[in-house]
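First up is the structure itself, then whatever we jot down about it.
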Amino acid sequence: MPPLYARNFLTDSRTLYAGYESLLGGESRTPAPFGNDSERFAVSGKLFASYAPHIRYGVLSLDRVGLKNYGLVFVTLRDVAIEQRVSFLHENSYLFLDNLGLTVREEIPHGFRSNWQNRSELAAAKIEPMLNAGSSLPDWACQLVVQGATRAEDRCVEAHIFGSFNVDSIQSVEFAGPGTSREEKNDIACIAELVAKRKPAGGTV
């Protein structure tokens, strides 16, 4: 998340994490430029149809690090909070549909999505071409979440969470850096202080 959004989200348990479609539906934000807006609805509609407004997006990660192009603050969700309502896609939704070149009426082929129980098989299939003898957990983590120069160059297994969640669903918080602007640095410092206060003895941050 961007630091400002994360700060607001993590400091108020009444705040629910909302996706693009639900923010528009609740008149809480303005639409993106027409081209981007129409692409978002085309992609989410193809994957989820009328369920699209209820989907929140994330990534499957082995080291609690997400994609920096979406913000400097990464939150890991508790398994118990999402395992019954999450699925996974082999790739970023936009790139996935672009690569397949599906028409409106064509069905999405099998083998590119999984539920919670089978996520390890999907991840293994994705990074198999990059695996080398002697690879370790840090190696796999970097192969599963690839930081690109732009969002179009990012690579990940995308997570699709049905329904919202609040700060009580958060297991840990990580940072991609201290921030560049004064505002970002201030927001990250406030989040770090908040997390330190909430951290139980022996907990994960």
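Start at 1 with the first residue, then count along the sequence. Keep in mind that what you see is a predicted model, and the values were worked out from it rather than measured.
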Side-chain heavy atoms of F88 within contact of N118, under 4.5 Å: no
Between the side chain of R113 and the main-chain N/O of P109, is any donor-acceptor distance below 3.5 Å? no
Inter-residue atom distance E91.CD - L100.CG, 0.5 Å rounding: 10.5 Å
Just so I know, are the side chains of V146 and D154 near enough to count as touching, which here means a heavy-atom distance under 4.5 Å? no
Can you tell me if S44 and E21 form a side-chain donor-acceptor pair at under 3.5 Å? yes
What do you reckon, is CD of E27 surrounded by more than 12 foreign heavy atoms closer than 6.0 Å? no
Is the Lys NZ or Arg CZ of R40 less than 6.0 Å from the centre of Y20's six-membered ring, within 45° of the axis? yes
Determine yes or no for a side-chain-to-main-chain donor-acceptor pair under 3.5 angstrom, with D139 supplying the side chain and S136 the backbone. yes
Please report the closest heavy-atom contact between S93 and L47, naming both atoms and the distance. OG-CD1, 3.4 Å
Atom pair OH (Y57) and CG (N92), whose distance is rounded to the nearest 0.5 Å: 9.5 Å
For E184, enumerate each residue passing the side chain to side chain donor-acceptor pair (under 3.5 Å) test, keeping only those at least two apart in sequence or located in another chain. T180
Working note: N166 + S164, criterion side-chain hydrogen bond (donor to acceptor under 3.5 Å, both in side chains); need CA distance, chi angles, decisive distance, verdict. CA-CA 7 Å; N166 67 359; S164 197; over 6 Å; no
d(I191 CD1, M1 CE) to nearest 0.5 Å is 9.0 Å
Crowded around Y51 OH? As in, over 12 foreign heavy atoms under 6.0 Å? no
Any residue meeting side chain to side chain contact (heavy atoms under 4.5 Å, CB included) with P178, in chain and number order, not counting sequence neighbours: none
